Protein chains: 2
Amino acid sequence: MAKTDLTPLQLSVMRSLWKRKEASVTEVHADLVASHQLVPTTVATLLRRLEERGLVDHRAEGRQFIFRALVEEERATRSMVAEFSERLFGGDVPRLVSHLLKEHELNPGDLDRIRDIIAAHESGEGKSS
Amino acid sequence: MAKTDLTPLQLSVMRSLWKRKEASVTEVHADLVASHQLVPTTVATLLRRLEERGLVDHRAEGRQFIFRALVEEERATRSMVAEFSERLFGGDVPRLVSHLLKEHELNPGDLDRIRDIIAAHESGEGKSS
DNA sequence: CCTGTAATACTACAACTGTAACAGAAGCGC
DNA sequence: GCGCTTCTGTTACAGTTGTAGTATTACAGG
């Protein structure tokens, strides 16, 4: 399992690949140009480096390379969140949640939403013991 | 306000400063040696670079430099969490919370804890409308 | 005073990242 | 068939980070 530690730019590239199932350099470039000002060769380099790291894969189709993500978005997100919560909160997820609730703006609707999620979580899980 | 974007190692250094209110290179080194295998000059370099970035400050005391964090831990944590939630969830904190609840192991006690926090949060705030 | 020791300052270097120029190959239009 | 355009492959370079060696300074003890 390759290290899923993505910089913002790398994440943007991956997002492009996740959105389209497969994409050529040109397509990824098209997606990135909106947010970042990059020439296509730069995007090609980024993709190649991600491939070196085993996060991406490509096949040739005519003269083009069609890239594809090798990690699912879910998995990558999970891994990054885990890494982050480990780094900042020693893996103490409730403490992170608590921090989020206390320190970051949430409107009442958000709280309701979260409470619902908790309820769903409780009923569906953790009744083994 | 200096960019509070800390790598794990940098964070360790800052943690040392936060724990002790002030610290010499030697003291920070003592704290880091447990987790990271570093010689004192390395620690000095790290501190100097953090100072360049405006996150740290020092004064001379005899021949020693006494370092001090210029950002509070709270603030730094907040800022890093915000940055992270922005990057991964477009700043949608409830979505991040939801992700945490769904994807990361929480035992029932944790859920209770979180529910209490929500309750406390609701009663103390957001009753304007 | 002189020297050792301890502390900082300066310099270095490899890895990774953002960013891109240049070179070569391969279709497309004529 | 030949050149233009479009892709990719290769190479480069500056900035940041992890990591540390070397030079220098300054106090402590004799």
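Note that this is a predicted model, so its numbers are computed, not measured. Letters go in sequence order (proteins before strands), and every chain restarts at 1.
If you take CZ of Arg63(B) and P of dA26(D), they are 12 Å apart, rounded to a whole angstrom. Atom pair Phe67(A):CZ and dT8(D):C1' shows a separation of 9 Å (rounding to whole Å applied). In this structure, CD of Gln10(B) is placed 13 Å from C1' of dT19(D), rounded to the nearest angstrom. Spacing between atom CD of Gln64(B) and atom P of dC27(D) amounts to 12 Å, rounded to whole angstrom units. Counting to the nearest Å, the P atom of dT16(D) and the CG atom of Asp5(B) are 12 Å from each other. Glu51(A) places its CD atom 15 Å from the C1' atom of dT10(D), with the value rounded to the nearest Å. Following rounding to the nearest Å, Arg48(A) (CZ) and dT11(D) (C1') show an atom-to-atom distance of 9 Å. One can place CG of Leu50(A) at 15 Å from P of dG9(D), the figure rounded to the nearest angstrom.
Annotation: salt bridge (charged side-chain N to carboxylate O under 4.0 Å, His left out) contacts of Glu103(A) (sequence neighbours excluded): none. For the salt bridge (charged side-chain N to carboxylate O under 4.0 Å, His left out) test, no residue two or more places apart in sequence or in another chain qualifies with Arg78(B). Evaluation of the side-chain hydrogen bond (donor to acceptor under 3.5 Å, both in side chains) rule for Thr41(B) yields no partner, not counting sequence neighbours. For Glu83(B), the salt bridge (charged side-chain N to carboxylate O under 4.0 Å, His left out) partners are Arg87(B), not counting sequence neighbours. The side-chain hydrogen bond (donor to acceptor under 3.5 Å, both in side chains) search around Arg95(A) returns none, not counting sequence neighbours. For Glu52(B), the side-chain hydrogen bond (donor to acceptor under 3.5 Å, both in side chains) partners are Arg48(B), not counting sequence neighbours. Evaluation of the salt bridge (charged side-chain N to carboxylate O under 4.0 Å, His left out) rule for Asp116(B) yields no partner, not counting sequence neighbours.
Running 5' to 3' along DNA chain C, contacts with non-hydrogen atoms of chain A at under 4.0 Å begin and end at dT17(C) to dC22(C).
The shortest distance between side-chain heavy atoms of Val43(A) and Val33(A) does not fall below 4.5 Å.
For residues 7-57 of chain A, no pair satisfies ring pair (Phe, Tyr, Trp, His ring centres under 6.0 Å), with sequence neighbours left out. Among residues at least two apart or in separate chains, ring pair (Phe, Tyr, Trp, His ring centres under 6.0 Å) pairs with a member in residues 44-98 of chain A are His58(A)-Phe65(A), His58(A)-Phe67(A), Phe84(A)-Phe84(B), Phe89(A)-His99(A).
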> Run the side chain to side chain contact (heavy atoms under 4.5 Å, CB included) check on Leu6(B) and Leu55(B) step by step: do they pass?
Replying inline: CA-CA 10 Å; Leu6(B) 303 172; Leu55(B) 297 175; 3.7 Å; yes

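Each of dG9(D), dT11(D), dT17(D) was ranked by its minimum atom distance to the side chain of Phe65(A); first place goes to dG9(D).
Contacts with DNA chain C (heavy atom under 4.0 Å) in residues 77-87 of chain A: none are found. The stretch residues 34-45 of chain A touches DNA chain D through Thr41(A), each having a heavy atom under 4.0 angstrom from the strand.
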